[in-house]
Amino acid sequence: MDSHSGIGLIGAGENFDPGLDLAGFESSDSFEGAPPADNGGGPPKKKNKKFHRHTPQQIQELESYACFFLLLSTQLERHENEVLKQENEKLRVENGFLKQEITSRMCNNCGGPALPGEISSECYRLGVENAQLKDELSRISSVTKMFTGMPLSSSVDPTPSNSGAGLAVGGNEFCGSNNGGNILPMGFEHDDWGLMPLIKPCVANTLVDVAVAAMDELLQMAQMGNPLWIKGLHDGIETLNVTEWQQTFSSCIGIKPSGYTVDATRETGLVPLRSLALVETLMDVNRWVEMFPSLIARAEIVDVLSGGTGGTRDNALQVMDAEFQVLSPLVPIRRAQFVRFCKQHSDGVWAVVDVSIDPGNAANPQMFANCRRLPSGCIIQDMDNKYTKVTWVEHWEYDESTVHPLLRPLLSSGHGFGAQRWIATLQRQCHRFAQLMSPAIHGITAAGRKSVLKLARRMTYNFNSGMCGSSVLKWGKLNVGNVGEDVRVMLRKNENCPGEPCGVVLSAATSIWMPITQKRLFDFLRDERMRSQWDILSNRRPMPAMIDVAKGPGQGDCVTLFSSGLANGGMLILQETWSDATGALIVYAPVDEPSMSVVMNGGDSSQVVILPSGFAILPSGSPRYHGDTDGSGSSGCLLTVGFQILVKGPGGKLTVESTETVGKLLSGQVERIKAAFSVT
């Protein structure tokens, strides 16, 4: 490049840099075409042309300026092209509508084609409106792309894959479609559930805003201490200071409904599971139900707005519908429809948040009328010792009037749906999965142990469903005049369902307060030497344990197979038990010996017919009870007793005798347990 061309380029630029070093350039009289210099009127002096080459540094600076102006002009042209394309699209749409109107419009008088001049302005208006709607869709798509990393049209997966098929709780084990976790295609409408239809673009944009706000609130609530969180003096549970929360946050889902009560807790614990595995468990609906069987009655994915970015669950966003439960018939199921948003905040640090959304367009809005799920979820952080630190926040607003007075202290204290239950269940289940990987124990192979645990899981799942009235097995409430008002009786009909007896099944359950500690009551009910005092199946005979399969490190966290103690055998008792700080469970069912022999050898357990009964023990949650019969000064505990029996009436029909039978079984069980502790 010569000096003439270089000066011409810089002089043409509007953004000339005055600081540019031009000391090496000659003045303008050195160039061809410049006017001659004044020499005092004498004859012009003959001058030779001088050409100077620039230094490499000057050439580099000139070239950089050339590139800058070329890039600037290219960007401006691209912007103008985009504007012109949008205008062209509008004109094309308008033109298409006009052409259609010309070719299809008919004359009202003769029935022939109408003249172009008869086209109304309505067609033109519709074309313009359609173009505006396309612009709005384009804008929403751009916002969604910024958030999810993909445009709206591709971020919604109508057939999301189920990566958790290996851990699914459905299939034959729970009789076809009655599985607790399920993924529905986008736009699916469930007659029984009244699920949200296809998410519209404008709604999706709103859900993105709600999810981002919920994530921000969850992060703050997980990190803040006193005065936002108040730690209990006796149980150590962190409960929310509602007044402080109202001064710090504004609800991202609107004002609390009149008459609703706040239930909000926080808990932190270490879990033997890496962050990526836990995130996948929370985002996969089947794995989620499998991990928290005592808390989740049923869950389904309504829509997937984003499966994640970069091949991970980062920025995953989905709409879910779930039923949450406390193991008592006196606490109604909490059903919520919510968005779940997953975000990776740094290497090994994730957050997953839920927040309720408006189910106003659901087929049956009354099913949502008793609760709202405010920003709730967990912060997950990998630790150096192969453990994960999990901080869990649960925040609900619910209608307390729907809860039996006996159970209200349980919920208001945070023991019912609180964060402590989620952490304790997560820890217990992780130990259970680890136990499945351990070597075989004496008397049973690894395959046999897996089949036994699978059968026990189905037994417990059916027991929980019958006790809480979840829709998973389509229980119907039965109003019976000859049983107590605190007893819930329900029924369902089975037809050709593997693992279930055919006919009408009755379930009866009730909850009572016991003036003894949870540990003492749990030890009594699981002690094989004491079983004859309360179990009518024992016929007041000892029932020795044949096999004891541990599910975790805690004492009493196991699956046990009891012998009937009879010489001819024929009947066995399968029992699952667990206990932690949030409660305890004892579930049992009679099974025939040939079927259990197949299961213990690793055979299919889905065909074993089983009807469970059992007990759930929960903290009372109330300080109003003073002391117990063992003098420990505790507030006692809540005992839930549940039975399921097959109706033996003609043709499987329900009779008065059937309801009286189940009522007597239930009351007799309660009285025998009370008598064992001299409780009146």
Taking [Y]'s backbone N and O only, do any of them form a donor-acceptor pair with [X]'s side chain (distance below 3.5 Å, no angle check)?
X	Y	result
Arg340	Val352	no
Arg458	Ile610	no
Thr309	Asp314	yes

Interatomic spacing from [atom1] in [X] to [atom2] in [Y] - rounded to 0.5 Å:
X	Y	atom1	atom2	value
Leu407	Thr640	CG	OG1	7.0 Å
Ser620	Gln518	OG	CD	10.5 Å
Asp284	Arg313	CG	CZ	6.5 Å

So do the side chains of [X] and [Y] get within less than 4.5 Å of each other, counting heavy atoms only?
X	Y	answer
Leu270	Thr388	no
Leu317	Phe341	yes
Trp229	Val393	yes
Met459	Leu455	no
Lys231	Ile237	no
Lys551	His431	no
Leu228	Gln220	no
Phe522	Thr577	yes

Practice task
Give the C-alpha distance, both sets of side-chain angles, the deciding distance and a yes or no for salt bridge (Lys or Arg N to Asp or Glu O under 4.0 Å) between Arg372 and Glu397.
Solution key: CA-CA 5 Å; Arg372 299 199 312 169; Glu397 292 173 348; 2.7 Å; yes

With sequence neighbours excluded, what pairs up with [X] under the side chain to side chain contact (heavy atoms under 4.5 Å, CB included) test?
X	value
Leu618	Val326, Leu410, Leu638
Arg488	Pro329, Met490
Ser413	His415

Practice task
Check step by step if side-chain contact (heavy atoms from CB on, under 4.5 Å) holds for Met320 and Val339.
Solution key: CA-CA 6 Å; Met320 304 181 69; Val339 289; over 6 Å; no

Problem - Carboxylate-amine/guanidinium proximity below 4.0 Å for Arg428 and Asp580 - result: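 Salt bridge present between Arg428 and Asp580.
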
Handout entry: Donor + acceptor pair across side chains of Asp382, Ser275 (<3.5 Å)
Key = yes

Exercise for the section: Examine the side chains of Gln644 and Asn462 and answer whether a donor and an acceptor come within less than 3.5 Å of each other. Expected result: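 There is no such pair (donor and acceptor under 3.5 Å, judged by atom type) between the side chains of Gln644 and Asn462.
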
Completion exercise
The single option from Leu282, Ile379, Leu276, Leu278 that satisfies side-chain contact (heavy atoms from CB on, under 4.5 Å) with Trp350 is Leu276

Problem - Single hit among Arg373, Arg334, Arg421 for salt bridge (Lys or Arg N to Asp or Glu O under 4.0 Å) with Glu394 - result: Arg373

Problem - Flag if over 12 foreign heavy atoms under 6.0 Å of NZ, Lys256 - result: yes

Problem - Within 6.0 angstrom of Phe249 CZ, more than 12 heavy atoms from elsewhere - result: yes

Problem - Working for side-chain contact (heavy atoms from CB on, under 4.5 Å), residues Gln325 and Met467 - result: CA-CA 10 Å; Gln325 64 188 4; Met467 184 164 48; over 6 Å; no

Exercise for the section: Let me see the working for Glu576 and Arg432 under salt bridge (Lys or Arg N to Asp or Glu O under 4.0 Å), right down to the final yes or no. Expected result: CA-CA 12 Å; Glu576 178 174 17; Arg432 175 180 182 172; 3.7 Å; yes

Should the pair [X] and [Y] be assigned to parallel (<30°), tilted (30 to 60°) or perpendicular (>60°) ring geometry?
X	Y	result
His395	Trp245	perpendicular
Phe338	Phe324	tilted
Phe417	Trp396	tilted

Practice task
Determine, step by step, whether Thr268 and Ile423 satisfy the side-chain contact (heavy atoms from CB on, under 4.5 Å) criterion, reporting the C-alpha distance in whole Å, the side-chain angles of both residues, the deciding distance to 0.1 Å, and the verdict.
Solution key: CA-CA 7 Å; Thr268 300; Ile423 291 292; over 6 Å; no

Exercise for the section: Just do the side-chain contact (heavy atoms from CB on, under 4.5 Å) check on Gln318 and Val285 with the steps written out, would you? Expected result: CA-CA 10 Å; Gln318 57 197 31; Val285 67; 5.9 Å; no

